[in-house]
Amino acid sequence: MKQLAIVSGKGGTGKTTLCASLVALAKKKIVADCDVETPNLHLLLKQRVLSEKDFQGSKCAHIDSSKCSQCGKCLEVCRFEAIKDFEVDSLKCEGCGACQYFCPQQAIRITEVVTGKTLISETGSAIFSHARLKIGADGSGKLVTEVRKNAVSWGVETGDLEGPVIIDGSPGIGCVVIASITGCDAVLIVSEPTVSGKHDLARVLKLADHFGIEAYVCINKDDINLEMTEEIESFCLSQGIEVIGRIPFDPKVNAALKEGIPVVSFPDSEAAKAIRQIWGRVQGILMKEVSTCTPI
Amino acid sequence: MIISVLSGKGGTGKTTVAANLAYSVDGAGYVDCDVEEPNGFLFLKPEITKREKVDALVPSINQTLCEACGKCSSACQFNALAQVREKVLTFSQLCHSCGLCSLLCPVGAIQEVPREIGIIEEGCFDGHQFLQGVLNTGEPMAVPVIKQLKKTIVNNKKDVLVLDCPPGSSCSVIAGIEHSDFCVLVTEPTPFGLHDLAIAMELVNTAAIPCGVVVNKSDSGSNTVKEYCAARKVPVLMEIPFSKKYASMYSAGQLLVDQNPELKERFIALMQEMRRLADEAVSYCKW
């Protein structure tokens with residue numbers, strides 16, 4: 001199964017908009033929303049939830065006040081300032097267990113914490129793996145890994161190995177993004193012609209390179225600053241990165257968003273035309289990967 | 001006074017609000033806590049005068065002392081240590097620097113050594129203080145960089161500091177807004193913006209910090225946001241209209257208040273209103 005992750009570095013460049021449209025264009029596919037902190041893809045896909053499950057993604061200490069002698073050993077070993085007045089602040093505790101090991105009264109236990117839930121839904125034409133992280137929870141990278149695992153195992157279980165897994169990623173370059181792109185066949189970076197779009201693109205390209213993943217770029221709202229679009233294209237060229245498309249600023253994108261449908265549902269819109277071209281190239285990229293992987 | 005700017009959704013205008021606010025208010029400093037993708041410097045163009053490495057402490061095993069008893073690897077909750085036959089291997093990117101392994105090692109074979117994961121840069125723009133954290137590419141953990149950044153400002157209570165926080169709703173955002181006096185939630189009038197504004201509001205409520213909303217790229221659809229806020233008794237403090245001129249200024253790295261004294265006045269008024277709301281919240285708590 002081929003996996004393609006859509007990322008951007010900078011937020012709000014159009015990852016989800018593009019992802020929902022690619023999903024609509026693909027015939028056989030599985031889609032995973034790996035922006036588990038602020039997922040939005042479900043707003044553009046009509047879905048029916050098939051199953052949902054709690055996810056335990058971190059641990060947290062608990063102090064049994066009836067056993068605690070308030071000796072203060074836990075305060076000494078905790079590096080996260082997570083213990084105050086002999087109570088554990090669950091937002092600060094990272095579940096390392098140091099306090100548990102050193103409590104002479106054995107009053108402290110670390111236990112698994114539910115950090116979110118995972119869902120499998122069907123959208124009519126696709127299987128949709130998604131999740132929701134609890135507010136402020138630790139271990140969002142682990143939840144992303146679980147969402148991807150669910151997506152792949154659905155394909156394996158149903159024998160549906162033909163279509164790609166399309167991954168909607170999150171902004172940034174930290175643990176969540178690393179978990180979203182690791183092991184993917186390619187990443188598609190959605191950039192925009194702004195100083196921050198360009199700066200953040202450079203960082204996420206470096207990240208893809210760090211993990212040895214082939215990267216492709218498309219530029220959204222390319223006409224809001226054509227000079228910057230050209231700067232980004234020549235930057236990509238200098239890095240040996242292919243720019244596989246430009247999407248013009250199109251009011252239909254917002255109109256589609258407000259209706260909760262992918263913009264390719266307006267097939268004559270400028271954005272839809274551009275996205276169909278990008279999809280053509282993406283299919284080629286994923287096919288190429290297949291041919292290079294098949295032994296002769 | 002510390003003001004945190006957050007949004008949930010990325011790209012709604014956190015940096016626009018934070019940078020223009022810090023630039024407009026006399027003596028206000030700007031702190032970029034979005035260490036994965038810091039962008040404020042592109043608009044404020046500070047002169048950086050000081051750089052400081054951010055280190056994470058990670059275990060280093062003295063193999064001649066190590067008896068491969070397995071205590072460290074079985075205690076580590078983050079899989080940062082693994083025992084393979086008679087040797088302990090370390091995976092420092094997974095390490096949370098809790099120090100448990102070195103405390104547990106019966107023969108003192110584990111020493112904690114610093115490993116660079118990012119950098120903190122300090123400088124100034126137009127006489128205002130500027131600070132930013134930058135996570136090294138390939139490093140998964142942003143929180144230690146944010147925490148060190150926050151340590152450098154902890155005694156800086158007299159002035160106004162505007163913190164530009166990361167998107168999302170995870171531990172990084174919590175680390176960003178901690179100890180703030182007020183939170184500004186920046187949203188845009190789209191279903192995505194509203195969906196993620198709800199998440200950001202929940203986050204701020206969890207942290208019990210008073211907050212208000214700024215609607216960026218405001219248009220006819222902003223009423224839904226305003227109704228949502230009114231129902232939750234969260235004030236809408238400012239609306240920045242959608243404008244092609246603003247979009248092109250932003251794309252070129254210009255501040256919106258540049259050559260726009262009227263907008264600058266509105267940012268100053270925003271600051272006064274936040275001060276009033278924060279004071280009100282404090283006196284309410286005391287009472």
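Numbers restart at 1 for each chain; the letters A, B, ... are given by sequence-line order, proteins then strands.
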Any donor-acceptor N/O pair, Lys46(A) side chain to Gly260(A) backbone, under 3.5 Å: yes

Side chain, backbone, both or neither of Pro166(B) within contact of chain A (heavy atoms, under 4.5 Å): neither

Chain A contact via His96(B) - which portion, at a heavy-atom distance below 4.5 Å: both

Donor on one side chain, acceptor on other, Asp168(A) and Thr16(A), under 3.5 Å: yes

Part of Lys14(B) within contact of chain A (heavy atom distance under 4.5 Å): neither

Engaged part of Lys92(A) at the chain B interface, taking heavy atoms whose separation is under 4.5 Å: side chain

Check ion pair Asp222(A)-Arg246(A) (N to O, under 4.0 angstrom): yes

Region of Leu57(B) that comes under 4.5 Å of a non-hydrogen atom in chain A: side chain

Aromatic ring proximity Phe125(B)/Phe41(B), centre distance under 6.0 Å: no

Segment of Phe192(B) engaging chain A (4.5 angstrom heavy-atom cut-off): both

Structural part of Glu178(B) lying under 4.5 Å from a heavy atom of chain A: side chain

Interchain contact, Pro189(B) with chain A, by part (heavy-atom threshold 4.5 Å): backbone

Ser170(B), part contacting chain A, at a heavy-atom distance under 4.5 Å: both

Contacting moiety of Asp219(B), where chain A heavy atoms sit under 4.5 Å: side chain

Toward chain A, the part of Ala75(B) with a non-hydrogen atom under 4.5 Å: both

Interchain contact, Ile173(A) with chain B, by part (heavy-atom threshold 4.5 Å): both

Interchain contact, Pro193(A) with chain B, by part (heavy-atom threshold 4.5 Å): backbone

